[in-house]
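What you are looking at is a predicted structure, and each value in this text was computed from that prediction instead of being measured. Within every chain, numbering begins at 1; the chains are lettered A, B, ... in the order of the sequence lines, protein sequences first and strands thereafter.
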There are 2 protein chains.
Amino acid sequence: MTTASRLLGELADTGRDRSRGGYSRHVFDAAEGELRTWFAEQAARRGLDVETDRNGNLWAWWGSPGPDAVVTGSHLDSVPGGGAFDGPLGVVSALDAVDSLRAKGFAPARPLAVVVFAEEEGGRFGVPCLGSRLLTGSLDPDRARALRDPDGVTLAEAAARAGHDPERFGRDDEALGRIGRFVELHVEQGRGLIDLGSPVAVGSTVIAHGRWRFSFTGQGNHAGATLLTDRSDPMLPAAAVVAAARRFAAAAEDARATVGRLVPTPGGTNVIASTVDLWLDARVPGANRTRALVEEISGEARSAAAAEGCAVTVTEESYSDTVTFDAGLRDELNGVLGGVPALPTGAGHDAAILAAHVPAGMLYVRNPTGISHAPEEFAEAGDVDRGASALAEVLEHLST
Amino acid sequence: MTTASRLLGELADTGRDRSRGGYSRHVFDAAEGELRTWFAEQAARRGLDVETDRNGNLWAWWGSPGPDAVVTGSHLDSVPGGGAFDGPLGVVSALDAVDSLRAKGFAPARPLAVVVFAEEEGGRFGVPCLGSRLLTGSLDPDRARALRDPDGVTLAEAAARAGHDPERFGRDDEALGRIGRFVELHVEQGRGLIDLGSPVAVGSTVIAHGRWRFSFTGQGNHAGATLLTDRSDPMLPAAAVVAAARRFAAAAEDARATVGRLVPTPGGTNVIASTVDLWLDARVPGANRTRALVEEISGEARSAAAAEGCAVTVTEESYSDTVTFDAGLRDELNGVLGGVPALPTGAGHDAAILAAHVPAGMLYVRNPTGISHAPEEFAEAGDVDRGASALAEVLEHLST
């Protein structure tokens, strides 16, 4: 078994979610803490120097930390009930690449680092790419510290409990200034590489995407004693938004709109809800089309809420514009790998956050199920190997 | 302050729900355990003998337990985030009535008991009137023991942890055989007594009602990388059921249909759900109309699920037919109270479960907000007094 597959196997028991299936590994929880410890041990075993930056991201350095470094890596957190590859594949492939470069006696001319970004999925505090957004200054640290998880714990509290100092959160020019070029390897999250018949692709673009919270307020009441005409039931406009999201997205070319999280309060069977919160994930290629779609859906939310005597607020919790990865770096990757396909994606990544600041690129590894963010996510062992060796070739080329 | 209001005040800090507002007191949880202890102390202070029956219901006896007893009482559990009066008002009014009968030197000719039924709301294990259904044999004890709360704990496990023997669950002819007549006092849960301008009413009927679980199964996947045409998103048919429940209920005279609980799994913002469970509460006056309404809504569930490539199962978790309270007992209550209004209700009660076995009746106390199962539920102190004194008059009459 190759190093990458073996290392993935070492993570198989950490953070399993018995009720949802798959894995639930969220920033600063117990499972994620185990993964951080595991990563630090793996790095130490390879003689890499490990440091945690101001925003809770982990760095393992081959050579002295310094400018013009070649950086690779991904994340170890998951969505709730997620798969085994989304995030960890990039980390274990980076460690595998270090091993194979070492084994052939390669000595990098530039510093080389493996990074593990914190809370890429936003699975606990709602904002995806939390660590890279804080690092690059695209997320206000005051807003970040006040973010709450579903149990009401703030990010500041969770960070402090895990031994981090949330007062140090914020744009980290020192850490950012060291990155010469960044390449993230990631499992493909759709059917792109199945259709292309290739084990590996280079990333071309990331579709604009964001998250919006719709909060409906009605009047909690008795489900049996309250006449329909006396109701202000926030579940009605919430359901209208679910339907509208699909309807408006289907009418907009290549758009995606999803409601995967919806929470009625108090949530009793014989109780008309007093509030319903739902989160809309919307993504449309092209300029301004994502927010235009959300505005259409918000219009439906307002009219459905008014019809039921409910109030609604819509809050943009995160937004990322379309990202086109650095053309020069893409050409280099393509040259090294002998012309692999270029793949656009609807999935966000830390590499796309960094792309506004440094030349960044991505390698994708084929996922034969086409399914991600679910236990069925997969990569064949042969494709895992091909990804790790492609990453080693790329790192060797860039750090020579 | 009268006894009933003072006793209600003693419960004000037990089981408050900081996140939902109001109270969350569920069978065999810590708050409900405190309330059981409080009730036993109150009974002991009054020289009443307390016993717990085979199904976890509490009984406090004035006089030796025996046949032809006059029984009153209600419940101390709540819906999630419920009000202060639903349940406790009937219990504190019963204790108040015992005090006022004692104070006037009354000696009952028949045994008199105050009962606290377990899990009237079904807030933890889903089946309402759990204690009275088990007692009367209308709920199979094997099915009851296997019921699970939202954390996956079975009723058998929860009962055992709270010191009860779940193997003893089941029809209790000894306990049932003692009840001569049963009268439950309860806060009104709609606007009936506001409209009638009366502090107290006698119950006439309880509308047929039940709970149905709709479980939709689709394919969990990535919210950004999965094209709309590749999706089987169970949130879509779930939303269609919410809309259909309102639409079909509005078309059926005096029908009520509610979805107050809806749980997507895994529940991530950037994750297409793999399953969605929702619970439909439906209530329609008249024979067979409730199940006919549910069948209409189920048809919509099946067609919406099929359109999205999802599977759906519909399970009846509880059903109670229309109950008309004992006419003779109603006439007696009316005679004692000097002609108060008769009130039909859409809310279920333990008295309606017992009504199939013993003469049972209800007294309602006006709720000036017309809101129940929510923190706004209320009764004015003067109306609380009037209810407690009406109950004392009734108990005196019935036990003379």
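Taking B:H209, B:E188, B:E376, B:R18 one by one and counting their heavy-atom pairs under 4.5 Å with chain A, the maximum is reached by B:E376. For the options B:T369, B:T345, B:L262, heavy-atom pairs under 4.5 Å to chain A are most numerous at B:L262. In terms of non-hydrogen atom pairs under 4.5 Å with chain A, the most contact-rich of B:G123, B:A239, B:G81, B:A223 is B:A223. Ranked by non-hydrogen atom pairs under 4.5 Å with chain B, the options A:S372, A:G190, A:A250 are led by A:S372. Annotation: maximal heavy-atom pairing with chain A below 4.5 Å, among B:A249, B:A225, B:A245, B:G126, occurs at B:A225. Between chain B and the options A:L236, A:V79, A:D254, heavy-atom pairs under 4.5 Å are most frequent for A:L236.
The structure places OG of A:S274 at 13.5 Å from NE2 of B:H373, a figure rounded to the nearest 0.5 Å. Taking CZ of B:R191 as the start and CG of A:N221 as the end, the distance is 10.0 Å to the nearest 0.5 Å. A distance of 11.0 Å separates NE2 in A:H222 from CG in B:N367, rounded to the nearest 0.5 Å. Taking CZ of B:R20 as the reference point, atom OG1 of A:T265 lies at 7.0 Å (rounded to 0.5 Å). Note that CD of B:E317 is 7.5 Å distant from OG1 of A:T269, once rounded to the nearest 0.5 Å. Here the straight-line distance linking atom CD of B:E120 with atom CG of A:N270 works out to 8.0 Å at 0.5 Å rounding.
For the residue pair A:A374 and B:G220, the shortest heavy atom distance occurs at CB-O, 3.5 Å. Of all the heavy atoms in A:R256 and B:T226, the pair that sits closest is CG-O, 3.9 Å. Across all non-hydrogen atoms, the minimal contact from A:P80 to B:P266 is O-CB, 3.1 Å.
Using a 4.5 Å cut-off between heavy atoms, A:I207 makes no contact with chain B at all. Within the 4.5 angstrom heavy-atom criterion, no atom of B:A240 approaches chain A. In this structure, the portion of A:A255 lying under 4.5 Å from any heavy atom of chain B is its backbone and not its side chain. B:D230 touches chain A through its side chain: at least one heavy atom from C-beta onward sits under 4.5 Å away, while N, CA, C and O do not. Both the backbone and the side chain of B:E121 come within contact range of chain A, with heavy atoms under 4.5 Å apart.
Side-chain atoms of B:R231 and A:T258 include a donor-acceptor pair closer than 3.5 Å.
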